[in-house]
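Okay, structure first, notes after.
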Amino acid sequence: MKLSKSVKPISYLKSHTAEALRDVNEGKNTMVITQHGEAKAVLQDIASYEQMQESLSLLKMLAQSSKSIQEGRSKPLKKAFADVRKQVRDSIE
């Protein structure tokens with residue numbers, strides 16, 4: 001992503017909204033919107049946004065799993081499956 005092409009002032013967005021949306025959607029590019037010379041917002045196509053959200057969710061799950069392991073809140077796979085089998089058996093009886 002070339003920042004020189006993807007950074008636009010808010011005035012550009014106001015006067016070229018349809019063009020900006022087309023550029024973002026067709027090129028899968030991200031546009032940084034500035035106000036008074038400062039970055040204030042990001043315009044991104046929905047598919048890229050959804051993919052980013054899914055990636056963040058996976059990273060969060062990995063971080064939580066790592067923390068659980070560090071805190072000793074895990075058990076060996078065989079023990080976990082044995083516990084699940086026992087719960088299933090107990091619920092059937």
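Computed over heavy atoms, backbone and side chain alike; hydrogens, waters and symmetry mates excluded.
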### Message
Show every side-chain hydrogen bond (donor to acceptor under 3.5 Å, both in side chains) that has at least one partner inside residues 76-88, sequence neighbours left out.
### Response
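Sorted result for residues 76-88: Lys75-Asp83, Lys79-Asp83, Lys86-Asp90.
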
### Message
Under the side-chain hydrogen bond (donor to acceptor under 3.5 Å, both in side chains) definition, can you give me all pairs with a residue in residues 9-20, not counting sequence neighbours?
### Response
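Counting only pairs at least two positions apart or across chains, the side-chain hydrogen bond (donor to acceptor under 3.5 Å, both in side chains) contacts touching residues 9-20 are Tyr12-Glu19.
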
In chain order, what residues pass the side chain to side chain contact (heavy atoms under 4.5 Å, CB included) check against [X], with sequence neighbours excluded?
{"X": "Leu43", "answer": "Leu13, Ala20, Leu21, Val24, Met31"}
{"X": "Val84", "answer": "Val88"}
{"X": "Thr34", "answer": "Val7, Pro9"}

### Task
Run through the side-chain heavy atoms of Ile, Leu, Val, Met, Phe, Trp and Tyr, join any pair under 4.5 Å, and report what else lands in Leu77's cluster.
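Its cluster partners, ordered by chain and number, are Phe81.
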
### Task
Under 4.5 Å between side-chain heavy atoms, chaining through other members, with only Ile, Leu, Val, Met, Phe, Trp and Tyr counted: pull out the rest of the cluster around Tyr49, sorted by chain and number.
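Listed partners: Ile46, Met52, Leu56.
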
Taking side chain to side chain donor-acceptor pair (under 3.5 Å) as the test, write out the residues that go with [X], two or more places apart.
{"X": "Lys28", "answer": "none"}
{"X": "Ser48", "answer": "Asp45"}
{"X": "Asp23", "answer": "none"}

#### Entry: By salt bridge (charged side-chain N to carboxylate O under 4.0 Å, His left out) - contacts of Glu38 (at least two apart)
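In terms of salt bridge (charged side-chain N to carboxylate O under 4.0 Å, His left out), with neighbours along the sequence ignored, Glu38 is linked to Lys40.
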
### Task
Identify, with sequence neighbours excluded, every residue that meets salt bridge (charged side-chain N to carboxylate O under 4.0 Å, His left out) alongside Arg73.
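Counting only residues at least two positions away or on another chain, Arg73 forms a salt bridge (charged side-chain N to carboxylate O under 4.0 Å, His left out) with Glu71.
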
### Message
Within this structure, what is the NZ-CD distance for the pair Lys67 and Gln70, rounded to the nearest 0.5 Å?
### Response
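One finds 9.5 Å between NZ of Lys67 and CD of Gln70.
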
### Query
More than 12 foreign heavy atoms under 6.0 Å from CD of Gln51: is that the case here?
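For Gln51, atom CD is not crowded (no more than 12 foreign heavy atoms under 6.0 Å).
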
